[in-house]
Amino acid sequence: MLDILYLDDHLVAINKPSGLLVHRSEIDRHETRFVLQLLRNQLGQRVYPVHRLDKPTSGVLVFALSSEMASKIADQWRERAIDKHYLAIVRGYMPEFVHLDYAMSPPVDKYAKQEVIKPAQEAITDFSLLATVEIDVEIDKYPQSRYSLVEAMPKTGRKHQIRRHLKHLSHPIIGDARYGKGRHSRYFRDHFDAGRLLLHAWQLSMTHPVTGQPLVFTAPLDDIWLSLVKRFQWQQQLPGLLSETLPGTRHEAPSTFAQQ
């Protein structure tokens, strides 16, 4: 069963687990389970995707429950009226804040019959440092290894934007098989039981397409994330709404947590 964060007559928001494709794709021809199919079966009705998360990325994913609602929500995406916040664990110590305006060409589709390099597109992401940790292990070329907990706030929606921007900054995400550093990813997998991409879409804010009311969806961390946060003692450095979702934390749940 998918974890439903919000449900009404017009839209649904879920907490997508890492490792699950949103819909059928050439990315993984052998995959048989997709969010679109699972959610449709769970709700007993058709759902309409309005945005995407990469297969290894977890977090808030919104679907419309009609084509009309999908069109209205898509308008908010085009107008950049939807606010997105991600958590990532990256290699090295990040600066306190980075505003990165770095255009990117779309990644080449390896399944395309001919490689076509498309023009670079505007891509903007803000990054804020939340916490750091140093472990006394030589993984690369230094006697200690340093990592940062970072909040990423993309202002545009390019494919792999956060992952590619962090690679450009020389702070790749741990567990990123395409853009990351294999030695560090393997260490996290083998020693911390963290074999996934450590990128989580923890919050999405938008306007309800019918009522006009503001909606804020918050996706709790999975067990791998929770284990790392505890190991590195980062509980107090998590963003406020997300820290309230930690096990053992007493709080009043926001209205967008409940099904309606």
Side-chain angles (χ1 to χ4, degrees), residues 1-67 69-70 73-74 77 82 84 86-89 106-112 154 157-164 173-180 185-186 188-190 192-204 206 217-228 242 245 247 256-259:
M1 296 285 284
L2 294 169
D3 180 16
I4 294 179
L5 304 173
Y6 177 85
L7 174 64
D8 64 18
D9 293 335
H10 309 288
L11 60 93
V12 57
I14 69 165
N15 185 3
K16 184 187 92 66
S18 175
L20 196 60
L21 283 169
V22 175
H23 53 73
R24 191 177 300 277
S25 169
E26 289 293 335
I27 294 174
D28 192 337
R29 300 182 183 185
H30 304 290
E31 185 60 70
T32 59
R33 298 172 71 251
F34 313 95
V35 174
L36 200 64
Q37 175 192 53
L38 294 172
L39 187 57
R40 179 196 64 199
N41 294 343
Q42 187 170 333
L43 296 180
Q45 68 177 101
R46 188 173 179 182
V47 296
Y48 299 77
V50 294
H51 68 121
R52 305 285 189 270
L53 289 177
D54 294 340
K55 179 180 179 180
T57 304
S58 58
V60 180
L61 187 62
V62 176
F63 293 84
L65 298 183
S66 70
S67 58
M69 289 303 108
I73 296 172
W77 286 98
I82 293 180
K84 299 157 288 180
Y86 291 71
L87 277 189
I89 298 178
V108 174
D109 182 358
K110 66 179 180 180
Y111 295 102
R158 308 307 176 197
K159 186 174 182 179
H160 299 171
Q161 178 173 315
I162 295 172
R163 297 163 64 182
R164 295 175 70 189
I173 302 174
I174 302 302
D176 194 333
R178 182 164 183 172
Y179 304 108
S185 296
R186 287 190 292 273
F188 270 66
R189 179 196 67 196
D190 297 339
F192 299 151
D193 197 24
R196 57 156 294 183
L197 173 72
L198 294 175
L199 180 63
H200 178 68
W202 80 268
Q203 186 181 89
L204 185 148
M206 60 178 288
F217 307 126
T218 302
L221 300 174
D222 66 17
D223 289 342
I224 291 175
W225 266 98
L226 290 172
S227 176
L228 291 171
L242 188 57
T245 70
T256 51
F257 271 64
Q259 297 186 37

Would you check if Gln203 and Leu242 make a side-chain contact, meaning some heavy-atom pair closer than 4.5 Å? no
Do Phe217 and Met206 have side chains that get closer than 4.5 Å, going by heavy atoms? yes
Any donor and acceptor pair, going by atom type alone, linking the side chain of Ser18 with main-chain N or O of Pro56 inside 3.5 Å? yes
When you measure from the side chain of Gln161 to the backbone of Pro154, do you find a donor-acceptor pair of N or O atoms at a distance under 3.5 Å? no
Any non-hydrogen side-chain atom of Leu197 less than 4.5 Å from a side-chain atom of Thr57? yes
Quick one, Leu36 and Phe63 - any side-chain contact, counting heavy atoms below 4.5 Å? yes
Asp8 (side chain) donor-acceptor with Leu11 (main chain) under 3.5 angstrom: yes
Within the 4.5 Å heavy-atom criterion, are Leu2 and Leu20 side-chain neighbours or not? yes
So which heavy atom on Arg178 is nearest to which on Pro107, and how close? NH2-CB, 3.6 Å
Specify the closest pair of heavy atoms between Val22 and Phe34, including all atoms of both residues, with the distance to one decimal. O-CB, 3.9 Å
Hey, is the main chain of Lys55 close enough, under 3.5 Å, to the side chain of Arg52 for a donor-acceptor pair? no
Which heavy atom of Val50 sits nearest a heavy atom of Val62, and at what distance? CG2-O, 3.2 Å
Looking at Asp222 and Ile224, would you say the former's side chain and the latter's main chain have a donor-acceptor pair under 3.5 Å? yes
Asn15 and His200, any side-chain heavy atoms less than 4.5 Å apart: yes
Which heavy-atom pair separates Ala70 from Ala64 by the least distance, and what is that distance? N-CB, 3.3 Å
Is the shortest heavy-atom distance from the side chain of Leu228 to the side chain of Phe188 under 4.5 Å? yes
Leu61 vs Leu39 side-chain heavy atoms within contact, under 4.5 Å: no
Of all the heavy-atom pairs spanning Leu199 and Arg163, show the shortest one and how long it is. CD2-CG, 4.1 Å
Ser185 side chain to Gly175 backbone, donor-acceptor under 3.5 Å: yes
